[in-house]
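Quick notes on the structure that follows.
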Amino acid sequence: MKDCMLEVKLPFVMDETLRCYLCNAFWGGILSAYQNMEEWIVEHYIQMFYVSNRFILNTNQIESQLNYYGGWSEPMKLFEQQLVRLGDIKNYDIVNELSHALEQGYYCYTYINEKYVGNKQDTAHDVFVIGKNDRTKKFKVIGYFNSRYSSIEMDYELMMETFASGLTIALSSNNAIDDYVKLYKPLFNDKTVYHLKLGTLILRTQEYLDSTSTGMLKRSGDINHGMYEMPNSYYGLSMYTQWIEELAFQGSKLGEVDYRKFHAVYEHKLMMSRRVGVLERKYGTLFNHEKKMLREIIHFLEVLRMLALKYNNSRKKENFENILQKISVLHDLDKEFMMQFLATLKKI
């Protein structure tokens with residue numbers, strides 16, 4: 001082995017606008033490491049969806065989710081991929097395989113038992129590996145550790161143990177993800193030029209306002225795209241109505257609210273701010289009114305996120321009712337902003 005391959009660290013940044021769900025954070029961290037791919041990012045990650053009947057990974061439990069539409073499947077076309085299926089894993093040497101893949105320039109997405117890295121219970125959950133060091137015998141791993149999106153250095157031996165344990169959980173589940181190890185190499189580099197398609201941006205924004213499926217605009221060939229078009233799926237502004245209905249149904253029990261939904265909407269507005277910045281640099285168009293509206297919405301969401309955390313700690317009815325009222329207000333603010341944003345786009 002050449003000395004230069006003893007250590008590998010693939011380009012990656014901890015993107016704060018794409019971290020609520022690891023399926024989005026994986027692509028966002030790679031793409032955001034390449035400034036020349038910024039226009040691709042802001043052309044995408046516009047539409048949102050809400051679904052009420054999604055299976056939780058490796059369980060028979062059903063959850064609702066509010067997330068970016070196509071956040072996992074749309075970036076697929078930008079990467080070469082290799083998949084290792086559950087049925088093909090026999091005496092799989094995860095350390096050797098990950099090390100070899102990293103040396104070939106592949107980012108590695110797989111599942112481990114998070115109890116080995118701070119979780120309170122056994123659960124197979126996704127992580128991604130972006131680097132390794134054969135001198136220290138550690139991998140650079142990104143994931144949710146102790147409920148925080150962060151990077152850690154994981155000993156090779158620990159990777160073997162936690163991967164094997166996660167694999168055992170997956171094999172015993174009726175809902176196991178079949179492509180258990182996913183390897184992705186970018187088809188772009190730091191010299192790639194991607195030009196934002198303004199017409200696509202306009203159409204996706206219109207679909208958000210109209211609450212229609214962005215999949216009809218540019219359907220991904222990836223088999224996982226179906227997760228965005230499941231029965232009981234709602235798109236764009238209609239997600240707020242479904243979110244409020246879900247919370248109202250829970251209200252009589254005053255149970256815990258899903259904080260991820262609050263943060264996902266917050267990230268969407270951070271991404272809109274990022275998008276406006278790119279458009280201003282590219283076209284010289286002023287979005288002063290939109291920027292003011294966004295600042296107000298982002299502040300509103302910061303308050304709403306804190307209120308959700310406060311409610312989960314207290315379970316006070318008045319906090320819960322305040323949440324419902326604020327989400328309704330948020331819907332109106334979002335609609336007003338997106339309409340103004342679309343009007344300015346059409347003037348470019």
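Side chains included, hydrogens not; waters and symmetry mates left out as well; all remaining heavy atoms used.
- The side-chain contact (heavy atoms from CB on, under 4.5 Å) search around L10 returns V8, L102, Y107, not counting sequence neighbours.
- With no hydrogens or angles considered, a side-chain donor-acceptor pair links D134 and Y156 at under 3.5 Å.
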Which pairs would a plain distance check flag for residues 284-299, meaning a side-chain donor or acceptor within less than 3.5 Å of a matching protein atom at least two apart in sequence or in another chain?
| from | atom 1 | to | atom 2 | distance (Å) |
| --- | --- | --- | --- | --- |
| E290 | OE2 | T344 | OG1 | 2.3 |
| K291 | NZ | E280 | OE1 | 3.1 |
| K291 | NZ | E280 | OE2 | 3.4 |
| K292 | NZ | E296 | OE2 | 2.8 |

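- Note: F79 and W27 meet the aromatic proximity criterion, with ring centroids under 6.0 Å apart.
- Of the N and O atoms on the side chains of R275 and T205, not one donor lies less than 3.5 Å from an acceptor on the other residue.
- Residues satisfying the side-chain contact (heavy atoms from CB on, under 4.5 Å) criterion with D332, sequence neighbours excluded, are absent altogether.
- Applying the salt bridge (charged side-chain N to carboxylate O under 4.0 Å, His left out) definition to pairs two or more places apart or across chains, those involving residues 136-161 are K138-D155.
- Outside the 6.0 Å centre-distance limit, the rings of Y180 and Y92 are not counted as a close aromatic pair.
- Applying the 6.0 Å contact sphere to NZ of K185 captures more than 12 heavy atoms from other residues, nucleotides or ligands.
- Checked against side-chain contact (heavy atoms from CB on, under 4.5 Å), T168 has no partners two or more places apart in sequence or in another chain.
- In terms of heavy atoms, P186 sits closest to G105 at CD-O, 4.0 Å.
- Look at E43 and K282 and you find no salt bridge, because none of the NZ, NE, NH1 or NH2 atoms lies under 4.0 Å from a carboxylate O.
- Annotation: side-chain contact (heavy atoms from CB on, under 4.5 Å) contacts of K261 (sequence neighbours excluded): Y50, S64, L66, W243, E246, D258.
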